[in-house]
Amino acid sequence: MSKVEIFRRLHRRPAQDDPLVLPGPWDAASARVFAEAGHPALATPSAGVAAALGYEDGATPADEMFAAVARIARAVDVPVSADVEGGYGMAPKELVERLLEAGAVGCNLEDSNGGVLKDPHQHAEWLAEVRYAAGDALFVNARIDTFVRGVEDPEPTIERAALYTAAGADCVYPIGAPPKVLPLLRAGIHGPINVIARVGNGPSPAELGERGATRVTFGPGLQRRSSEILAELAAEMR
């Protein structure tokens, strides 16, 4: 069984309170830590990788992002999905080729640019082109940015999710969705839902699963917590 097939199967959860938990490595060393802890797959956070490379979130050059993903994927035997933001302006075929060359089995693709939501119909068409270029070789996680762009009504999120899944997305990711609206999103969305967990506070992955999450990721939270621990150690050493 290929890594992408394994990754797809991991999204078929046996119970609601058992979502797929995907830690977010920011370099090869952190990827090995998560894999050795027993996690069956990983998902890179673009903001965490950016911080590790010395960039602000959203400012990482495409070549450096793909190189970082390649180092992470080479370091572990488990499947690795990559957050490649909005696709760096690449045509779908080139984007798919770069992801596969890096060893990724999946990708996050967001639907806003420069803080502005993209037209959902146009974005769905683009996602369909990505799906066509990838065939079954990539697991496409379509990020929906409505909540982080100030749209509190969940209905537009559900509408975007329907367009993106119809276009071939394997999973949707309503980033920033309040935990209280997850049951409503679960009722209105067909297919897997990615939910972000807050490191150190907020509902646990199991609780998020009970509310509707198929898979749980952490964004840059683990990288930031690691930096906080290093800062504490550095202060102690002084």
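Residue indices begin at 1 and follow the sequence shown. Only this structure's heavy atoms are used, side chains among them; waters, hydrogens and symmetry mates stay out.
- Nearest heavy-atom pair, Leu53 versus Arg71, reported as atom, atom and distance to 0.1 Å: CD2-NH2, 3.9 Å.
- Looking at Met65 and Tyr88, their side chains come closer than 4.5 Å, going by heavy atoms from C-beta outward.
- Here the closest non-hydrogen pair linking Val80 and Ala73 is CG2-CA, 4.1 Å.
- With contacts defined as side-chain heavy-atom distances shorter than 4.5 Å, the pair Arg149/Val116 does not qualify.
- A salt bridge does not link Arg211 to Glu207: none of the charged nitrogens lies less than 4.0 Å from a carboxylate oxygen.
- Residue Pro205 is tested with Leu20, Val216, Leu22 for a side-chain contact (heavy atoms from CB on, under 4.5 Å); the sole match is Val216.
- Using a 4.5 Å cut-off between side-chain heavy atoms of Ile, Leu, Val, Met, Phe, Trp and Tyr, with links allowed through other members, Tyr173 and Phe147 fall into different hydrophobic clusters.
- Considering only residues two or more places apart in sequence or on other chains, Ala51 meets the side chain to side chain contact (heavy atoms under 4.5 Å, CB included) condition with Gln223.
- With no hydrogens or angles considered, a side-chain donor-acceptor pair links Tyr55 and Glu64 at under 3.5 Å.
- No hydrogens or angles considered: a donor-acceptor pair under 3.5 Å links the side chains of Asn194 and Arg215.
- Considering only heavy atoms from C-beta on, Pro23 comes within 4.5 Å of Leu42 through its side chain.
- Between Leu127 and Tyr132 the shortest side-chain heavy-atom distance does not fall below 4.5 Å.
- Using a cut-off of 4.0 Å between Lys/Arg side-chain N and Asp/Glu carboxylate O, Arg131 and Asp170 are scored as salt-bridged.
- Contact detail for Leu163 and Pro120: the closest heavy-atom pair is CD1-CB, 3.8 Å.
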Derivation and outcome, side-chain contact (heavy atoms from CB on, under 4.5 Å), residues Leu185 and Thr157:
CA-CA 8 Å; Leu185 295 180; Thr157 298; 4.0 Å; yes
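- Taking the six-membered ring where the residue is Trp, Phe139 and His11 present parallel rings, their angle staying beneath 30° rather than reaching 60°.
- Between Asp111 and Lys118, none of the side-chain N atoms (NZ, or NE/NH1/NH2) sits under 4.0 Å from a carboxylate O, so this pair counts as no salt bridge.
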